[in-house]
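As the structure is a prediction and not an experimental result, all values here were calculated from the model. Every chain is numbered from 1, with letters handed out A, B, ... down the list of sequences.
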Number of protein chains: 2
Amino acid sequence: MLVERKRIVGIIGGLGPEATLDFFGKILLATTAAKDQDHLHLIIDNNPSAPDRTEAVAGIGPSPADSLACTALRLEQAGAEVLVMVCNTAHAFSSAITDAVQIPFLNIVDVTCEAAIKARPSLRRAGVLATEGALSAGLYEDALEAHGVEHVALGGASRVRFMELIGRIKGGDKSDEVRAGMRSLALELVDLGAELIIAGCTEVPLVLDDEDFKWPLVNSTDALVSRTIQYATYG
Amino acid sequence: MLVERKRIVGIIGGLGPEATLDFFGKILLATTAAKDQDHLHLIIDNNPSAPDRTEAVAGIGPSPADSLACTALRLEQAGAEVLVMVCNTAHAFSSAITDAVQIPFLNIVDVTCEAAIKARPSLRRAGVLATEGALSAGLYEDALEAHGVEHVALGGASRVRFMELIGRIKGGDKSDEVRAGMRSLALELVDLGAELIIAGCTEVPLVLDDEDFKWPLVNSTDALVSRTIQYATYG
C-alpha cells in the first residue's frame with residue numbers, strides 16, 4: 001500500500017474566527033478528496049484572545065506578540081510541520097512566531113504578492129485593501145517594492161471607512177450595505193490607478209469576491225490556501 | 001476590568017472534515033460576539049487519518065482507538081480544558097478518549113438524547129439516522145433506553161442506502177439528489193412510528209435541515225454546539 005504522507009499544517013487562527021473558518025472551508029474545497037482520509041491534517045488554534053493588532057502597531061494597545069508566539073509553539077508541540085496565520089495585520093509581529101518555532105512559516109503577505117505577480121506578470125501598480133495596522137507597518141508596501149511594484153492605498157477618510165467596515169464584519173455583519181461599501185473602496189483604488197486589487201485582509205473576502213467585483217482581484221486567503229495545500233503535499 | 005474567563009475547547013475533528021467545518025461555523029454563529037475577543041478559544045485537530053469507524057466496529061478494519069486517544073491527548077497538552085468529538089460513530093471508541101485524558105469529554109450521543117427529550121418531553125419513539133457502525137455499537141439504542149425511549153432504525157436496504165449517501169457526502173456531494181434521498185430515509189422512520197428524528201451522524205445536517213424536513217428533527221451537531229458553548233461559558 002502506497003501511503004501518501006502529507007505535512008501536518010498548524011493554523012494560527014481566531015484573528016478573527018470568521019476568517020479562520022473561511023480559510024478552513026476553502027482548504028477543504030480546494031482539496032481533491034473522495035473520502036475523509038484524503039484530506040489534510042490541520043491543527044487550528046482559534047485563539048481570539050490576542051490583543052487588537054492595529055492598536056498594537058499604533059502603540060495604543062498591548063502587543064499580540066507573546067500570544068502569537070505561544071500559539072505557534074503550542075501548534076509545533078502538537079505536531080504541526082508548517083505554520084500559517086490567517087490574518088495579514090498580525091504579520092507585523094511575524095518575527096515573534098519565527099523566533100519561537102523551528103518549523104517553517106508561510107507568510108501570507110509574501111504568498112499573496114507572488115500570486116498577484118503570477119496573475120499579472122506586467123503588474124506595476126497594485127491597490128491594497130488593508131487595515132490601518134498593516135498599512136502603518138508597511139507590510140504590502142515593502143513586499144511589493146521588492147517586486148518593483150508600486151503600492152496604492154486608500155486616503156484618509158476612506159481608510160477610516162475601511163476600518164469601520166472591518167469592525168462590522170468582525171461583528172458578524174456581511175450585509176449588502178457592507179458588501180457595497182467594500183466594493184466602492186476597491187473601486188477607489190482602481191480610480192487611483194491600481195491595475196489589480198489585493199484583498200490584503202482576510203476579512204475582506206468574506207464580503208468581496210470575483211463575482212461582486214469585475215476587476216482583477218487577488219485575495220490573500222485564496223493565495224494562502226493554494227500555497228498551503230501545495231506545501232503540505234510536498235509541492 | 002472584568003475578564004470573563006472561558007474554558008478552552010478541544011475539538012477532535014476530521015471525522016469527517018466537512019462536519020468539523022460545519023460544527024466550527026455553527027459555534028461562531030451561536031456565539032454572541034461584537035469583536036474577535038468575544039469568541040471562544042477552540043483548538044481543532046482536524047485529523048482525517050483515523051481509520052474508518054464503521055469498518056472497525058464491524059471488525060473488518062483497524063481500530064481508530066489509538067488515533068483518537070492521541071488526538072485527545074494532543075489537545076489536552078495544547079491546553080484544552082474540555083473535549084468534544086464531531087462524529088457520532090467514533091463514540092463507539094469514546095472510552096479510548098476518556099482513558100487517555102484527565103479533562104471532561106462531552107459525549108455527543110448523550111447530549112443529543114438530552115436535547116431530544118427537552119424538545120419533546122413526552123417522547124416515546126425516536127427515529128435515528130445513524131451509520132451502520134453507530135447502530136451496531138448500539139450507541140443511540142442504549143442512550144435512548146436509559147430515558148425510556150424506543151429506538152427506531154432503518155431496515156436492511158435503507159441502511160445500505162444511508163451508507164451510500166454518507167459516502168457521497170464525504171466525497172463532497174451535497175446535491176439535490178442526495179438531499180432528497182436523505183429526506184426520504186427520514187420519512188421512512190416517520191412511517192415506522194418515529195415521533196421525532198435524530199440526525200445521529202454529523203454528516204446528515206450537511207444535507208438535511210429543518211427547512212427541508214417538516215417533522216421534529218434534532219441534529220447532533222446543533223445539540224453539541226449548544227452544550228459546548230454552555231459548558232465553555234460555565235453554564
Side-chain angles (χ1 to χ4, degrees), chain A residues 3-6 8-11 13-29 31-53 64 67 70-71 73-80 87 166-173 203, chain B residues 3 5-6 8-11 13-29 31-53 64 67 70-71 73-80 87 90 166-173 203:
Chain A
V3 176
E4 198 191 334
R5 172 83 179 90
K6 296 172 194 135
I8 300 174
V9 179
I11 300 170
L15 317 153
E18 192 78 33
T20 307
L21 178 74
D22 186 43
F23 180 80
F24 182 17
K26 285 171 175 167
I27 287 266
L28 297 189
L29 208 61
T31 305
T32 310
K35 58 183 190 305
D36 292 352
Q37 290 78 6
D38 297 334
H39 280 279
L40 293 181
H41 185 170
L42 311 169
I43 310 177
I44 306 171
D45 194 343
N46 183 72
N47 180 4
S49 67
D52 186 280
R53 284 66 68 187
S67 170
C70 284
T71 296
L73 199 57
R74 199 156 48 222
L75 288 167
E76 183 181 48
Q77 287 170 348
C87 173
I166 295 298
R168 286 176 66 175
I169 300 166
K170 283 185 181 284
D173 181 356
E203 307 291 330
Chain B
V3 176
R5 171 86 179 88
K6 295 172 195 134
I8 300 174
V9 180
I11 300 169
L15 317 154
E18 191 79 32
T20 307
L21 177 74
D22 186 43
F23 180 80
F24 182 17
K26 285 172 174 166
I27 286 267
L28 298 188
L29 207 60
T31 305
T32 310
K35 59 183 190 302
D36 292 352
Q37 291 77 7
D38 297 333
H39 279 279
L40 293 181
H41 185 170
L42 311 170
I43 310 178
I44 305 170
D45 193 343
N46 182 73
N47 181 3
S49 67
D52 186 279
R53 284 67 66 187
S67 171
C70 283
T71 297
L73 198 58
R74 200 156 48 223
L75 288 167
E76 182 181 46
Q77 286 169 348
C87 173
I166 295 298
R168 286 175 67 176
I169 301 166
K170 283 184 180 285
D173 181 357
E203 308 291 330

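Counting heavy-atom pairs under 4.5 Å between each of V9(A), I44(A), D173(A), D45(A) and chain B puts I44(A) at the top. With chain B as the partner, the residue from L75(A), T20(A), T31(A) showing the most heavy-atom pairs under 4.5 Å is T20(A). Comparing I27(A), I11(A), L40(A) by heavy-atom pairs within less than 4.5 Å of chain B, the highest count is held by L40(A). For the options G25(B), G171(B), P48(B), heavy-atom pairs under 4.5 Å to chain A are most numerous at P48(B).
Rounding to the nearest 0.5 Å places NZ of K35(A) at 10.0 Å from CG of D52(B). Between the CG atom in N47(A) and the NE2 atom in H39(B) there is a gap of 13.0 Å [rounded to 0.5 Å].
For a residue to count as touching a neighbouring chain, one of its non-hydrogen atoms must lie under 4.5 Å from one of that chain's; by this rule L28(A) touches chain B with the side chain only. The contact between L42(B) and chain A is made by backbone and side chain atoms together, counting heavy-atom distances below 4.5 Å. Interface remark: A78(B) contributes backbone and side-chain atoms alike to the contact with chain A (heavy atom separation under 4.5 Å).
Partners of A50(B) according to the side-chain contact (heavy atoms from CB on, under 4.5 Å) rule, which considers only residues two or more places apart in sequence or in another chain, are L15(B), R53(B), P64(B), S67(B).
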